[in-house]
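Because the structure is predicted, anything quoted here is derived from the model rather than measured.
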Amino acid sequence: MIKKLFIISTCVLLSLYGCQDKKSIAKLNELQAQMDIETQNKAIAQKILDGLNQRDTSYIELYSPDCKYYFPSANPNPTSREDDKNASKSNWRVIPDIHWKLEEVIAEGNMVVGRFTAVGTPKEEWFGVPPSGKKFVSGGIFIVNIKKGKIIEQWEDYDLFGTMMQLGMELKPTDKKK
């Protein structure tokens, strides 16, 4: 938002003062091109969630073939785009009503950060928790690195613990006497 205001302000000032300085115009063109890329990158993030919600695996084509996906984000062993596609298919099967919503998205250069919510009701056992008929509403955050219109890296964190608690998972302390 601040960047857009800067660009708009710069355009207005250049227009008002009739500045025809080639450096100023080049800088303005550069800023406009960067803003266009960031807008395109935000659209890629939205297309991924749209594909997930439509149960359409073609969203995976937005990832480069050698994309590295880190979930959770500190995982030193990235998975592949094929692994991500298979995880999506599993989620669709186990949670047929699952729906993702992109709440906020920020882009700077090649990086896009998004905050999302996921809502669903598992119909089968999910991560060891049997189906309870309870619906969950949980959130997560992802960061993607996009080059030439393809995601080359993705880091994601999701409130899986909160989701499991909503579904009835119980935490019990271990017996230290054993």
Side-chain angles (χ1 to χ4, degrees), residues 1-3 34-131 134-171 174:
M1 182 66 170
I2 292 172
K3 193 180 281 187
Q34 185 62 41
M35 195 168 85
D36 290 346
I37 289 170
E38 291 168 356
T39 299
Q40 291 169 9
N41 288 347
K42 286 181 183 181
I44 289 170
Q46 183 62 58
K47 285 179 185 177
I48 290 169
L49 279 129
D50 291 345
L52 288 168
N53 288 329
Q54 295 163 5
R55 310 317 192 243
D56 179 2
T57 58
S58 67
Y59 77 89
I60 210 72
E61 295 303 318
L62 296 167
Y63 292 84
S64 73
D66 58 346
C67 177
K68 294 178 180 168
Y69 176 62
Y70 299 90
F71 179 78
S73 63
N75 184 351
N77 303 310
T79 58
S80 69
R81 75 180 197 168
E82 194 64 28
D83 294 330
D84 183 56
K85 183 170 80 172
N86 291 333
S88 295
K89 287 179 177 180
S90 177
N91 282 332
W92 297 334
R93 180 181 48 75
V94 174
I95 314 165
D97 65 341
I98 194 164
H99 181 82
W100 291 267
K101 180 180 178 191
L102 190 57
E103 300 290 348
E104 294 163 332
V105 63
I106 300 167
E108 174 132 0
N110 292 332
M111 305 298 282
V112 176
V113 177
R115 184 178 69 82
F116 66 92
T117 53
V119 178
T121 311
K123 300 298 183 192
E124 298 178 26
E125 184 176 295
W126 192 48
F127 293 104
V129 177
K134 294 179 181 178
K135 181 174 275 201
F136 66 84
V137 178
S138 294
I141 294 176
F142 65 84
I143 302 171
V144 291
N145 184 0
I146 302 173
K147 293 216 175 139
K148 297 182 182 174
K150 298 282 186 183
I151 296 171
I152 60 170
E153 291 177 294
Q154 178 170 331
W155 301 266
E156 184 177 335
D157 284 305
Y158 175 73
D159 185 13
L160 191 57
F161 179 69
T163 301
M164 294 297 133
M165 289 187 65
Q166 290 177 55
L167 297 176
M169 180 182 81
E170 294 182 19
L171 294 179
T174 58

Can you tell me how far [atom2] of [Y] sits from [atom1] of [X], rounded to the nearest 0.5 angstrom?
X: Asn110; Y: Lys148; atom1: CG; atom2: NZ; answer: 11.0 Å
X: Arg81; Y: Ile60; atom1: CZ; atom2: CD1; answer: 6.5 Å
X: Glu104; Y: Thr117; atom1: CD; atom2: OG1; answer: 10.5 Å
X: Leu167; Y: Ile95; atom1: CG; atom2: CD1; answer: 7.5 Å
X: Phe142; Y: Phe71; atom1: CZ; atom2: CZ; answer: 13.5 Å
X: Lys68; Y: Asp66; atom1: NZ; atom2: CG; answer: 7.5 Å

Shortest non-hydrogen separation from [X] to [Y] and the atoms involved:
X: Pro131; Y: Glu124; value: CD-C, 3.7 Å
X: Tyr158; Y: Gly139; value: CD1-O, 3.4 Å
X: Trp126; Y: Asn91; value: NE1-OD1, 3.4 Å
X: Gly162; Y: Ser138; value: C-OG, 4.3 Å
X: Lys147; Y: Ile152; value: CG-CD1, 3.7 Å

Ignoring hydrogens and angles, tell me if any N or O in the side chain of [X] forms a donor-acceptor pair with the backbone of [Y] under 3.5 Å.
X: Glu38; Y: Gly109; result: yes
X: Asn53; Y: Trp100; result: yes
X: Asp157; Y: Ser73; result: yes
X: Asn86; Y: Asp83; result: no
X: Gln166; Y: Lys134; result: no

Do [X] and [Y] have side-chain heavy atoms sitting under 4.5 Å apart?
X: Leu52; Y: Trp92; value: yes
X: Ile98; Y: Arg55; value: yes
X: Val112; Y: Ile44; value: no
X: Met169; Y: Phe161; value: yes

task: Could you label the plane-to-plane angle of the Tyr59 and Tyr63 rings as parallel, tilted or perpendicular, counting under 30° as parallel and over 60° as perpendicular?
output: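 Rings of Tyr59 and Tyr63: perpendicular, over 60°.
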Taking atom types as modelled, find out whether [X] and [Y] have a side-chain donor-acceptor pair closer than 3.5 angstrom.
X: Asp36; Y: Thr39; result: no
X: Asp50; Y: Gln46; result: yes
X: Asp97; Y: Thr121; result: yes

- prompt: Could you go step by step and tell me if Phe136 and Met164 meet the side-chain contact (heavy atoms from CB on, under 4.5 Å) rule?
  reply: CA-CA 8 Å; Phe136 66 84; Met164 294 297 133; over 6 Å; no
- prompt: In this structure, are over 12 heavy atoms from other groups packed under 6.0 Å from Met165 atom CE?
  reply: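 Atom CE in Met165 is not packed in, count stays at 12 or less.
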task: Kindly determine whether Ile48 and Ile151 satisfy side-chain contact (heavy atoms from CB on, under 4.5 Å), including the steps that lead there.
output: CA-CA 10 Å; Ile48 290 169; Ile151 296 171; 3.1 Å; yes
task: Assess whether side-chain contact (heavy atoms from CB on, under 4.5 Å) is satisfied between Phe127 and Thr163, documenting all intermediate values.
output: CA-CA 11 Å; Phe127 293 104; Thr163 301; over 6 Å; no
